[in-house]
Amino acid sequence: MDLGVILPQARIDALVSVGAWPDRTILDYLGDVLARDPELPAITTYNGEVGGETGGEGGGETISYGELDRLSRRLALALINLGVNKGDVVSLQLPNWWQFTAMHLACARIGAITNPLMPIFRERELSFMLGFAESKVVIAPHVFRGFEYKPMIESLRGDLPNLAHAFYVDGAGADDFATALLAEPLEAGREADAALEARRPTPNDVNEVIYTSGTTGQPKGVMHTANSTLGHLSAWIEHHGLNSGDKVFMASPLAHQTGFLYAILQPIMLGVEVILLDRWDAPTGVELMQKHGCTF
């Protein structure tokens with residue numbers, strides 16, 4: 001895809017030289033955490049659809065950084081097998097579940113572009129956003145808050161010629177997320193590392209397209225690079241004195257830039273655990289913050 005983007009080298013050099021841009025990708029920070037301890041907890045999800053906390057009494061398990069690395073590699077290789085190339089857009093209409101973070105890392109490994117979409121969006125918003133971004137893949141829940149996503153998305157496919165694949169978390173059949181993208185241990189293949197390394201993007205490649213609200217017209221697709229997002233977070237982390245001893249709580253949607261920045265990217269930069277709540281409930285939020293010792 002030709003994004004029509006011109007990011008002059010002089011501007012890149014200027015921002016890197018003064019330390020405003022770290023000139024790294026999120027994969028570099030993930031590598032730092034893995035080198036420190038791959039068993040460190042990465043994500044604990046409170047999933048209201050199953051009524052439990054993965055890592056708590058509700059069943060399931062917390063995702064460690066080693067597991068997150070492995071799963072994101074598998075997902076990246078699955079995307080390659082589906083024909084997803086550098087610059088292709090992968091839309092994620094997901095709640096605050098670990099699959100969101102794993103999918104962004106998978107896209108980051110192969111130069112694909114993550115497009116966060118709010119779970120509340122319906123036909124009107126999706127038909128424009130998926131079409132304008134020329135999304136090649138969309139990942140959505142099977143059901144979230146009583147709404148079934150597959151019938152809605154399938155009803156739009158005829159008007160979205162670029163949308164080649166749609167998968168649903170906790171779905172059924174061939175388009176179930178886990179069945180389609182996680183069933184085979186692709187990361188164990190002999191050529192896996194080479195395939196991923198050959199596609200690894202630079203810190204100045206567009207890796208996120210996120211839409212504005214469209215208050216005064218159609219939403220605008222805002223393009224971000226690793227440098228533009230991680231540069232902001234580097235300054236934020238320094239200003240607030242955050243470090244590897246912190247723990248993050250997030251109830252703002254990951255598909256909003258608040259959630260995307262502070263609950264997907266920031267925890268990896270710090271190498272800390274993030275506790276995700278997929279629907280706001282004040283007593284539950286307070287309970288989780290207290291239980292897990294969240295500091296941010």
Might you work through the side-chain contact (heavy atoms from CB on, under 4.5 Å) test for I43 and T45, ending with a clear yes or no?
CA-CA 6 Å; I43 304 170; T45 304; 3.6 Å; yes
Please evaluate residues L92 and V138 with respect to the criterion side-chain contact (heavy atoms from CB on, under 4.5 Å), reporting the C-alpha separation (whole Å), side-chain torsions for both, the decisive distance (0.1 Å), and the verdict.
CA-CA 6 Å; L92 306 178; V138 62; over 6 Å; no
Apply side-chain contact (heavy atoms from CB on, under 4.5 Å) to T284 and L288, showing your working.
CA-CA 6 Å; T284 302; L288 291 175; 4.0 Å; yes
Please evaluate residues S135 and S91 with respect to the criterion side-chain hydrogen bond (donor to acceptor under 3.5 Å, both in side chains), reporting the C-alpha separation (whole Å), side-chain torsions for both, the decisive distance (0.1 Å), and the verdict.
CA-CA 6 Å; S135 302; S91 295; 2.7 Å; yes
Does the side-chain contact (heavy atoms from CB on, under 4.5 Å) test come out yes or no for N162 and K136, once each step is laid out?
CA-CA 5 Å; N162 295 292; K136 196 165 190 174; 6.0 Å; no
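Each of I153, I139, V143, D176 was checked for a side chain to side chain contact (heavy atoms under 4.5 Å, CB included) with Y168, and the lone residue meeting it is I153.
Taking Y65 as the reference, nothing meets the ring pair (Phe, Tyr, Trp, His ring centres under 6.0 Å) condition, with sequence neighbours excluded. Residues passing the side-chain contact (heavy atoms from CB on, under 4.5 Å) test with T229 are E208, H224, Q257, L261, L265, sequence neighbours excluded.
Of all heavy-atom pairs spanning V89 and A133, the tightest one is CG2-O, 3.4 Å. In this structure, A263 and L276 approach most closely via the heavy-atom pair CB-CD2, 4.1 Å. Annotation for T62 and P41: closest pair CG2-CB, 3.9 Å, computed over non-hydrogen atoms. When every heavy atom of G48 is checked against every heavy atom of D278, the shortest pair comes out as N-OD2, 2.8 Å. Considering every non-hydrogen atom in both S213 and P219, the closest pair reads O-CG, 4.3 Å. Taking all atoms of both residues into account, the shortest heavy-atom contact from G83 to D88 is O-OD2, 3.7 Å.
Between the CD1 atom of I26 and the CG atom of N207 there is a distance of 9.5 Å, given to the nearest 0.5 Å. Atoms CG and OH, from L233 and Y29 in turn, are 9.0 Å apart once rounded to the nearest 0.5 Å. Interatomic distance, R74 CZ to L77 CG, rounded to the nearest 0.5 Å: 9.5 Å. Note that CE of M289 is 13.5 Å distant from NZ of K247, once rounded to the nearest 0.5 Å. Distance CD1/I210 to CD1/I113: 13.5 Å, rounded to 0.5 Å. Between atom CG of residue L27 and atom CG of residue D32 there is a gap of 11.0 Å, rounded to the nearest 0.5 Å.
Under a 3.5 Å cut-off, the side chain of N96 and the backbone N or O of L254 do form a donor-acceptor pair. Side-chain atoms of Q99 never come within 3.5 Å of backbone atoms of V169 as a donor-acceptor pair (strictly under, hydrogens ignored). Side-chain atoms of H256 come within 3.5 Å of backbone N or O of T258 as a donor-acceptor pair. In terms of modelled atom types and a separation under 3.5 Å, the side chain of R122 and the main chain of P119 share a donor-acceptor contact. A distance-only check finds no donor-acceptor pair linking the side chain of E154 to the backbone of P151 [under 3.5 Å]. A donor-acceptor contact shorter than 3.5 Å links the side chain of Y211 to the backbone of M129. At distances below 3.5 Å, at least one donor-acceptor pair connects side-chain atoms of R199 with backbone N or O atoms of A195. Using modelled atom types, one side-chain atom of N115 and one backbone atom of V209 make a donor-acceptor pair closer than 3.5 Å. Side-chain N or O atoms of N227 include one that pairs as donor or acceptor with a backbone N or O of D23 at under 3.5 Å. No donor-acceptor distance shorter than 3.5 angstrom exists from the side chain of D159 to the backbone of R157, with no hydrogens or angles considered.
Under the 4.5 Å side-chain criterion, counting only non-hydrogen atoms from C-beta, P95 is in contact with P141. The closest side-chain heavy-atom distance from L277 to M250 is not below 4.5 Å. Contact annotation: the side chain of L130 approaches that of L117 to within less than 4.5 Å [non-hydrogen atoms, C-beta and beyond]. Contact check for Q93 versus M152: side-chain heavy atoms found under the 4.5 Å cut-off. P253 places a side-chain heavy atom less than 4.5 Å from the side chain of M118. Residues W97 and F144 are in side-chain contact: their nearest non-hydrogen atoms beyond the backbone lie under 4.5 Å apart. Side-chain contact between T114 and V90: absent, with no pair of heavy atoms (C-beta onward) separated by less than 4.5 Å. Looking at heavy atoms from C-beta onward, L160 lies out of side-chain contact with E134 at the 4.5 angstrom threshold.
Sparse packing is recorded around NE2 of H239, with 12 or fewer heavy atoms of other residues, nucleotides or ligands lying under 6.0 Å away. In Q9, the CD atom is crowded: over 12 heavy atoms of neighbouring residues, nucleotides or ligands sit closer than 6.0 Å. The 12-atom threshold is exceeded at CZ of R36, counting heavy atoms of other residues, nucleotides or ligands nearer than 6.0 Å. When the shell of 6.0 Å around CD of E123 is examined, it contains more than 12 heavy atoms from other residues, nucleotides or ligands.
A salt bridge links D175 with K150; the closest basic N to acidic carboxylate O contact falls under 4.0 Å. Salt bridge R200/D28: present, at least one basic N to carboxylate O contact under 4.0 Å.
At a threshold of 4.5 Å between side-chain heavy atoms, the hydrophobic network of Ile, Leu, Val, Met, Phe, Trp and Tyr places V18 and L230 in two separate groups. Under a hydrophobic-cluster definition in which Ile, Leu, Val, Met, Phe, Trp and Tyr are linked whenever side-chain heavy atoms come within less than 4.5 Å, directly or via other members, V222 and I264 are assigned to different clusters.
Note: W236 and F296 have perpendicular aromatic rings, judged against thresholds of 30 and 60 degrees for the angle between ring planes. Below 30°, between 30° and 60°, or above 60°: for F147 and Y149 the angle between ring planes is above 60°, a perpendicular geometry.
Between H104 and F260, the ring centre distance stays below 6.0 Å.
Residues T225 and N204 have side chains that never bring a donor and an acceptor to within less than 3.5 angstrom of each other. A side-chain N or O of S64 and one of E67 form a donor-acceptor pair less than 3.5 Å apart.
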